[in-house]
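Note sheet for the following structure.
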Amino acid sequence: MSIEQQLQAIAKKRILILDGAMGTMIQKRKLEEADFRGDRFKEWHKDLKGNNDLLVLTQPEVILDIHEQYLAAGADLIETNTFNATKMSMADYGMEDYAYEINFEAAKLAKIACEKQTTPEKPRFVVGVIGPTSKTASISPDVNDPGFRNTSFDALVEGYLEALAGLMDGGADIIMVETIFDTLNAKAALFAVETIFEERAMRLPIMISGTITDASGRTLSGQTTEAFYNSLRHPRPFSIGLNCALGPDLLRNYVAELSKISEFYLSAHANAGLPNAFGEYDLGGREMAKEMEEWASSGFLNIVGGCCGTTPDHIAKIAAIVADISPRVPEVKKKSLRLSGLEAVNLTIGESLFANVGERTNITGSIRFKRLIKEKNYTEALEVARDQVENGAQIIDINMDEGMLDSKAEMVTFLNLIASEPDISKVPIMIDSSKWEILEAGLKCIQGKGIVNSISMKEGIPEFIKHAKLAKKYGAAVVVMAFDEDGQADNYERRKEICARAYDILVNEVNFPAEDIIFDPNVFAVATGIPEHNRYGLDFLDATQWIRQNLPHVHISGGISNVSFSFRGNNLVREAIHAVFLYHAIQRGLSMGIVNA
């Protein structure tokens with residue numbers, strides 16, 4: 001039986017117990033600088049006190065003892081002492097080169113402790129911890145330069161890969177990306193997780209845990225609980241939950257919300273209240289256990305533990321009080337396109353209204369926006385995006401394809417600037433380009449779940465599959481153009497043929513979620529005066545209806561303004577054509593469209 005199967009079997013029967021705070025227990029030891037240095041780092045050129053992860057090398061018996069105390073308290077899941085053990089965080093101590101070794105030794109120590117306590121009736125598991133790092137990929141640390149970043153997606157992936165290699169080589173059973181305050185950091189971590197799983201041709205269960213930082217109910221990078229969930233559900237984790245920052249009283253509402261929307265097991269490890277004036281935590285084990293009893297009785301929990309301020313006493317009392325309470329049963333959810341910016345946008349076939357995708361932040365379709373970007377007048381360019389959202393766009397399409405521009409750099413710059421504008425970044429982003437390198441650069445900038453516009457079979461099936469797999473790995477939905485090796489579909493039969501073939505490849509070969517597929521069957525101009533074009537509008541409508549009836553769960557979109565291109569310059573006529581065309585297309589199954597919002 002695999003680890004995933006073992007965990008699934010246990011989780012169906014009872015609430016799993018996660019351990020408590022490592023930092024709190026280390027602080028109780030009153031360790032001094034010399035203890036952190038040990039003999040090995042006696043002459044190190046920087047202060048090392050506070051580098052708790054280093055203790056797996058210099059004071060391994062201390063860490064082993066803490067693990068054993070939590071196991072004795074009833075923990076099923078033991079977290080490795082690696083919260084800051086990435087090269088990004090270790091740079092604070094000049095110890096980047098020790099990141100792999102620390103992760104490896106930390107996993108080994110946790111494994112030793114777990115193997116001592118494991119029995120057939122109560123197996124224990126090592127949870128390899130990947131922390132958030134001290135960097136933020138979606139937030140500028142400089143208020144005067146909102147487009148600046150002190151790290152990059154690629155740098156984070158590189159650091160996470162090294163840490164993951166150490167954890168897996170050391171014996172971790174589970175990987176947990178935890179205390180997520182910037183969702184883009186977590187997306188980089190999960191990209192690294194999927195990469196190392198691919199490289200090693202193996203998978204471990206994944207746990208994901210975010211942090212709601214205050215009473216606003218948002219992460220530090222601004223996402224609501226549901227937006228956070230939508231952004232990170234793509235690797236199909238074993239569990240997704242919340243931890244840190246808040247005590248049980250303040251965290252409860254967000255755990256309750258997550259328990260309603262999540263199709264996965266739910267974990268929660270709250271702080272022991274909020275810190276007092278001395279930075280200590282006052283909520284005792286008995287009081288915290290009573291709070292967890294209420295959470296469990298309300299059907300919120302599958303995994304419960306403790307974060308800052310919790311001790312083996314807290315865990316023992318929580319384990320005892322939830323022992324006889326049935327675990328939460330995750331619901332099978334309707335298949336919905338679950339997108340997010342700072343807020344969630346969920347589109348369900350047959351239930352959701354038509355979704356407007358704002359088109360004016362597209363260089364190829366807006367002369368004004370093109371001029372602003374060329375002039376590097378980003379302040380006014382952001383106003384274009386803001387106007388689209390204020391006028392009803394639920395998603396905004398951003399395209400920087402222009403021969404005289406560094407389109408990749410402009411895409412990155414504009415997306416970074418949008419991230420600092422909550423009234424724009426609250427909606428999901430559709431990253432639009434004919435070049436994969438630009439699409440990929442954009443995906444590395446957005447913390448929400450966005451849309452790639454577009455991929456197609458134009459360059460052959462291998463490239464189509466490659467791009468689909470990468471989009472899935474980044475956690476994005478995809479627009480699929482009705483285009484293959486023989487060209488663009490311009491009639492009903494070709495639209496049917498290409499969309500059916502693409503659907504089969506994506507769903508059955510790539511295992512791409514059908515609800516994350518958006519077909520664009522090509523809107524062409526009507527009234528061109530060319531007889532061969534007479535059925536362009538009708539063929540689009542017929543193809544839309546066929547897709548809706550034959551390709552389950554997918555969404556259908558189109559560039560609506562294309563239909564009236566023959567009447568450019570006559571906006572009154574164009575708007576009338578758009579209204580009539582949209583009416584009929586929506587009746588046939590069109591669920592979203594790129595429009596001037």
Side-chain angles (χ1 to χ4, degrees), residues 347 352-375 377 380-402 423-424 427 429-430 432 434 451 453-454 479 481-482 488-492 495 518-545 548 555-597:
L347 303 175
S352 302
L353 297 175
F354 179 80
N356 294 306
V357 182
E359 69 175 354
R360 306 315 291 171
T361 43
N362 184 327
I363 275 182
T364 62
S366 169
I367 295 172
R368 181 189 174 208
F369 186 71
K370 179 179 180 178
R371 173 178 57 79
L372 293 172
I373 295 299
K374 281 190 168 184
E375 294 172 354
N377 186 347
E380 285 193 40
L382 287 169
E383 285 300 321
V384 174
R386 184 176 288 106
D387 288 346
Q388 292 285 281
V389 177
E390 289 176 354
N391 290 328
Q394 291 101 325
I395 301 161
I396 54 172
D397 178 271
I398 298 173
N399 182 302
M400 296 289 178
D401 286 1
E402 216 285 335
D423 49 349
I424 304 172
V427 304
I429 303 294
M430 179 181 280
D432 187 349
S434 60
I451 303 170
N453 185 9
S454 61
V479 173
M481 297 298 297
Q488 200 167 14
D490 60 359
N491 61 53
Y492 174 61
R495 286 178 169 96
I518 304 161
F519 278 111
D520 184 337
N522 304 327
V523 177
F524 293 123
V526 299
T528 64
I530 300 171
E532 289 82 4
H533 299 177
N534 285 350
R535 281 199 57 87
Y536 272 178
L538 289 171
D539 281 351
F540 178 89
L541 297 176
D542 290 345
T544 295
Q545 184 169 343
R548 172 62 55 240
H555 288 260
I556 308 167
S557 181
I560 302 305
S561 60
N562 292 350
V563 74
S564 66
F565 196 67
S566 300
F567 298 90
R568 58 192 180 279
N570 191 336
N571 286 340
L572 195 62
V573 171
R574 294 193 74 180
E575 288 170 7
I577 291 172
H578 297 164
V580 173
F581 189 71
L582 268 175
Y583 172 81
H584 289 286
I586 292 168
Q587 297 298 311
R588 301 291 189 96
L590 192 75
S591 51
M592 64 175 68
I594 300 176
V595 298
N596 181 1

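Throughout, residue positions are numbered sequentially from 1 according to the sequence presented.
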Sort and list the pairs that fulfil salt bridge (Lys or Arg N to Asp or Glu O under 4.0 Å) and have at least one residue in residues 569-588, not counting sequence neighbours. D542-R588
Distance, nearest 0.5 Å, that separates CD1 of I518 from CG of L347: 8.0 Å
Kindly write out the residues that satisfy side-chain contact (heavy atoms from CB on, under 4.5 Å) with V526, not counting sequence neighbours, or none if the list is empty. V563
Any side-chain heavy-atom pair of E375 and E380 under 4.5 Å: no
Closest non-hydrogen atom pair, T544 against P521: OG1-CG, 4.2 Å
Pairwise distance OG1(T364) to CE(M400) - rounded to 0.5 angstrom: 11.0 Å
Using 0.5 Å steps for rounding, measure from the CZ atom of F519 to the OG atom of S557. 12.5 Å
For the backbone of E359 and the side chain of Q388, can you confirm whether one donor and one acceptor N or O come within less than 3.5 Å of each other? yes
Would you say the side-chain atoms of T361 pair up with the backbone N or O of A385, donor to acceptor, closer than 3.5 Å? no
Measure centre to centre between the rings of F540 and Y492, then say whether the value is under 6.0 Å. no
Test side chain to side chain contact (heavy atoms under 4.5 Å, CB included) on R548 and S591 and set out the steps. CA-CA 10 Å; R548 172 62 55 240; S591 51; 4.1 Å; yes
Is any side-chain heavy atom of N356 closer than 4.5 Å to one of I395? no
If you define the side chain from C-beta out and look only at heavy atoms, does anything of T528 sit under 4.5 Å from F565? no
Sequence neighbours excluded, every pair satisfying salt bridge (Lys or Arg N to Asp or Glu O under 4.0 Å) that has a member inside residues 562-573: none
Excluding sequence neighbours, so at least two apart, what forms side-chain contact (heavy atoms from CB on, under 4.5 Å) with D397? V357, N362, N399, M430, D432, N453, I594
Mind checking what makes side-chain contact (heavy atoms from CB on, under 4.5 Å) contact with E390, not counting sequence neighbours? R386, D387
Using the side-chain contact (heavy atoms from CB on, under 4.5 Å) criterion, which residues pair with N562? Sequence neighbours excluded. V523
Any side-chain donor near an acceptor of the partner, H578 and S564, under 3.5 Å: yes
Would Y536 and H533 count as a close aromatic pair, with their ring centres under 6.0 Å? yes
Are I396 and I424 close enough that some pair of their side-chain heavy atoms sits under 4.5 Å apart? yes
Closest non-hydrogen atom pair between G358 and A393, with its separation: N-CB, 3.7 Å
What do the steps show when you test Q545 against Q587 for side chain to side chain contact (heavy atoms under 4.5 Å, CB included), and what is the final call? CA-CA 8 Å; Q545 184 169 343; Q587 297 298 311; over 6 Å; no
The reported gap from CE in M592 to CG in L353 (rounded to nearest 0.5 angstrom) is 12.5 Å
Using atom types as modelled and distance alone, determine if a side-chain donor or acceptor of R495 lies under 3.5 Å from a backbone N or O of N522. yes
Rounding to 0.5 Å, atoms CZ (R368) and CZ (R360) come to a distance of 9.5 Å
Can you find a heavy atom in the side chain of I363 that is under 4.5 Å from one in the side chain of D401? no
Nearest 0.5 Å, what's the CG-CD distance between N534 and E532? 8.0 Å
So S561 and V595, do their side chains get closer than 4.5 Å, heavy atoms only? no
